[in-house]
Amino acid sequence: MFRLSKVLASGVATSIVAACLTVLGQSASAEAVPVTIPLTIKNSSGRSEPVYVYNLGTLLATGQQGWADANGTFHPWPVGGNPPTPAPDASIAGPANGQTKTIRMPKFSGRVYFSIGQKIVFKVSTGGLVQPAVQNASDPNRDILFNWSEYTLNDAGLWINSTQVDMFSAPYAVGVKAANGTVVNAGRLKPGGYNAVFSKLRSAGWGGLIQNRPDGTPLRALSPGHGIEAGGISAGVMNDYVNRVWNKYSSSTLTVTPFVNQPNTKYYGRVSGNVMNFTNSSGAVVTSFQKPDSDSIFGCYKLLDAPNDLVRGPISRTLCAGFNRSTLLTNPDQPDANGADFYRDAVTNHYSRIIHEQMADGKAYGFAFDDVGAHESLVHDGNPQEAFMTLEPFN
């Protein structure tokens with residue numbers, strides 16, 4: 001799973017793609033992936049302000065945290081302090097509007113940030129790099145327009161996504177070119193989709209997620225978990241749906257089949273009091289979940305924690321997807337992979353619903369486990385020739 005952390009602890013993967021890679025990388029046949037590959041950044045934003053690019057992450061060969069310059073050369077972060085000290089300027093001058101720029105991506109698990117108009121403020125603590133956390137009003141990046149993509153490049157290939165797990169902001173798309181020359185893209189909004197996300201959030205009563213500049217210009221919409229933290233939406237926004245789910249499965253069974261390639265591996269959930277117990281085919285209880293709160297649902301953590309194991313984690317990710325998409329009442333067999341069934345209850349993750357609606361291909365990372373059923377905005381190739389990031393128009 002992925003949840004933005006202010007401090008990247010050493011050795012901890014920083015992205016959804018990296019979390020998936022534990023399994024994918026082991027099963028994929030290793031190609032001759034070079035030490036670095038080109039990332040071509042195209043600025044189609046229509047904006048005249050300068051663009052700054054940052055390539056930050058963990059070097060997979062050593063587990064060191066650091067940043068890569070435009071040539072793909074790795075630079076480790078210095079030892080930070082408490083309070084955090086300013087990080088070295090890792091910015092790369094990005095392309096002007098209508099132009100492109102190519103940098104090199106090393107074998108990282110990390111992020112490519114970009115900002116428009118101002119550089120991002122990064123600091124280093126004793127625990128590692130301090131990432132922007134704009135749900136906090138005091139964060140120095142609160143009024144800076146920025147966004148990021150997450151990627152992992154290793155011997156099994158490239159995974160790169162367009163993510164909205166933490167926020168929806170400056171629009172961009174990602175892509176990867178295969179050895180045969182074909183390019184697969186993800187993350188492109190529909191025409192007018194950027195402004196539509198903000199207007200539809202307001203119409204849904206979730207306008208409290210939106211952070212504006214002092215002049216009223218929208219900078220971003222926080223994801224609902226961060227929105228709860230910032231006071232933008234109620235901490236109990238999902239309670240009614242959770243109560244109905246708990247009531248339904250007090251007298252019926254929720255069946256979870258977490259692995260597409262293992263249709264006979266099933267777990268059976270029944271509610272007893274404040275707990276949903278899951279049993280295996282032999283009737284033995286394998287894991288239990290306390291009744292989750294809204295933040296646990298939106299973040300797919302806390303009461304819906306998903307360890308990297310073969311039982312609780314897969315069940316939890318399925319529950320998380322079912323709660324966010326509001327499919328648990330309409331389908332007792334989970335996961336429900338049919339997008340037509342998603343977000344149909346009045347109580348749902350409207351943030352994720354609206355973002356998916358505004359994507360050209362309907363795919364997004366609206367919450368951490370949006371990859372359940374392959375509805376995520378992720379591209380992958382085992383022998384990537386080139387990666388792409390396009391800063392998209394705001395209108």
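Here the side chains of S162 and Y365 are not in contact, with every heavy-atom distance at 4.5 Å or above. Proximity of L378 to D371: side-chain heavy atoms (C-beta onward) are nowhere separated by under 4.5 Å. Here the side chains of V124 and P84 are not in contact, with every heavy-atom distance at 4.5 Å or above. When side chains are defined from C-beta on, P224 does not count as touching S294, because their heavy atoms never get closer than 4.5 Å. By the 4.5 Å heavy-atom criterion applied to side chains, R325 and T348 are not counted as neighbours. With contacts defined as side-chain heavy-atom distances shorter than 4.5 Å, the pair P106/F74 does not qualify. The side-chain heavy atoms of M105 and P38, taken from C-beta on, include no pair separated by under 4.5 Å. Under the 4.5 Å side-chain criterion, counting only non-hydrogen atoms from C-beta, N324 is in contact with C300.
No chain of hydrophobic side-chain contacts below 4.5 Å, direct or via other Ile, Leu, Val, Met, Phe, Trp or Tyr residues, connects V183 to V112. Hydrophobic cluster membership is shared by V237 and V347, with clusters built from Ile, Leu, Val, Met, Phe, Trp and Tyr side chains linked at under 4.5 angstrom. Residues V372 and L303 do not share a hydrophobic cluster, clusters being chains of Ile/Leu/Val/Met/Phe/Trp/Tyr side chains in contact below 4.5 Å. Taken together through direct or relayed side-chain contacts under 4.5 Å among Ile, Leu, Val, Met, Phe, Trp and Tyr, L209 and L219 form part of one hydrophobic cluster. Under a hydrophobic clustering in which Ile, Leu, Val, Met, Phe, Trp and Tyr are joined whenever their side-chain heavy atoms come within less than 4.5 Å, directly or via other members, V184 and M389 fall into the same cluster.
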Problem set entry | Stepwise side chain to side chain donor-acceptor pair (under 3.5 Å) test for Y151 and N55 | CA-CA 10 Å; Y151 79 93; N55 191 355; 2.9 Å; yes
For this session: Please assess D293 against S296 for the test side chain to side chain donor-acceptor pair (under 3.5 Å), listing each intermediate value before the final yes or no.
Result: CA-CA 5 Å; D293 59 358; S296 294; 2.5 Å; yes
For this session: Apply the test side-chain contact (heavy atoms from CB on, under 4.5 Å) to residues Q164 and M359: give CA-CA distance (whole Å), side-chain angles for both, the deciding distance (0.1 Å), then the verdict.
Result: CA-CA 12 Å; Q164 301 82 33; M359 286 293 175; 3.5 Å; yes
Problem set entry | Verdict with reasoning, N71 to T73, per side chain to side chain donor-acceptor pair (under 3.5 Å) | CA-CA 6 Å; N71 296 319; T73 302; 5.2 Å; no
For this session: Walk me through it: do H75 and Q64 pass the test side-chain contact (heavy atoms from CB on, under 4.5 Å)?
Result: CA-CA 9 Å; H75 303 269; Q64 286 179 289; over 6 Å; no
For this session: Start with the C-alpha distance between L319 and L254, add both sets of side-chain angles, then the distance that settles side-chain contact (heavy atoms from CB on, under 4.5 Å), and finish with yes or no.
Result: CA-CA 10 Å; L319 284 178; L254 174 65; 3.7 Å; yes
Exercise. Which is it for N277 and S288 under the side chain to side chain donor-acceptor pair (under 3.5 Å) test, yes or no, and what are the steps along the way?
Worked result: CA-CA 4 Å; N277 297 300; S288 302; 2.5 Å; yes
Exercise. What's the verdict on side-chain contact (heavy atoms from CB on, under 4.5 Å) for Q118 and F146, showing C-alpha distance, side-chain angles and the deciding distance?
Worked result: CA-CA 9 Å; Q118 291 177 258; F146 71 94; over 6 Å; no
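Remark: R312 qualifies as a cation-pi partner of F289 under the 6.0 Å distance and 45° angle criteria applied to the six-membered ring.
For K200, the NZ atom is loosely surrounded, since the number of other residues' heavy atoms within 6.0 Å does not exceed 12. Annotation for K291: atom NZ counts as buried by contact number, over 12 foreign heavy atoms lying within 6.0 Å. Crowding of R344 atom CZ: a count of heavy atoms from other residues, nucleotides or ligands under 6.0 Å not exceeding 12.
Residues D139 and A133 come closest through the heavy atom pair OD2-N, 2.9 Å. The shortest non-hydrogen separation linking K107 to V33 is NZ-O, 2.9 Å. In terms of heavy atoms, Y343 sits closest to H356 at OH-CD2, 3.8 Å. The nearest pair of heavy atoms linking S44 to N97 is C-OD1, 4.0 Å. Counting all heavy atoms, side chain and backbone alike, P95 lies closest to N43 at O-ND2, 2.9 Å. Looking at every heavy atom in both residues, R270 comes nearest to S250 through NH2-O, 3.5 Å.
To the nearest 0.5 Å, the span separating CD1 on I354 from OG on S199 amounts to 8.0 Å. Atom NE2 in H350 sits 10.0 Å away from atom CD in E357 (nearest 0.5 Å). Q211 contributes atom CD, which lies 4.0 Å from atom CG of L222 (distance to the nearest 0.5 angstrom). The distance from the CZ atom of F278 to the NZ atom of K266 is 13.0 Å, given to the nearest 0.5 Å. To the nearest 0.5 Å, atom CG of residue N395 and atom CG of residue L189 are 11.5 Å apart. The CH2 atom of W77 lies 13.5 Å from the NZ atom of K123; values are rounded to the nearest 0.5 Å.
Using a distance-only test at 3.5 Å, with no hydrogens or angles considered, no donor-acceptor pair links the side chain of S169 to the main chain of N147. Remark: side-chain polar atoms of S223 are paired, donor with acceptor, to backbone N or O of D166 under 3.5 angstrom. Remark: the backbone N or O of R111 is not paired with any side-chain donor or acceptor of E150 at under 3.5 angstrom. With hydrogens and angles disregarded, no donor-acceptor distance shorter than 3.5 Å links the side chain of N247 to the backbone of N243. With hydrogens and angles disregarded, a donor-acceptor distance shorter than 3.5 Å links the side chain of S316 to the backbone of L304. Between the side chain of K101 and the backbone N or O of A93 there is at least one donor-acceptor pair closer than 3.5 Å. Under a 3.5 Å cut-off, the side chain of N280 and the backbone N or O of G283 do form a donor-acceptor pair. When atom types are taken as modelled, the side chain of Q385 and the backbone of N383 share a donor-acceptor pair closer than 3.5 angstrom. Under a 3.5 Å cut-off, the side chain of S109 and the backbone N or O of L60 do not form any donor-acceptor pair. Judged by distance alone, with hydrogens and angles left aside, the side-chain atoms of Q262 form no donor-acceptor pair with the main-chain N or O of N264 at under 3.5 Å.
With respect to the salt-bridge test (charged N to carboxylate O, under 4.0 angstrom), the residues D295 and K302 qualify. Looking at K363 and D370, no side-chain N of the basic residue comes within less than 4.0 Å of a carboxylate O on the acidic one, giving no salt bridge.
For Y241 and N349, the side-chain atoms include no donor-acceptor pair closer than 3.5 Å. Neither side chain, N136 nor S138, offers a donor N or O lying under 3.5 Å from an acceptor on the other. Side chains of T100 and K42: a donor-acceptor N/O pair is absent below 3.5 angstrom, by distance only.
Ring pair F168/Y194: centre-to-centre distance below 6.0 Å. Residues F342 and H375 bring their aromatic ring centres within 6.0 Å.
A side-chain contact (heavy atoms from CB on, under 4.5 Å) with V379 is found for one member of V174, N161, L158 and no other, namely V174. Among the candidates F114, F108, F122, the single residue satisfying the ring-ring contact (aromatic ring centres under 6.0 Å, His included) test with Y54 is F122.
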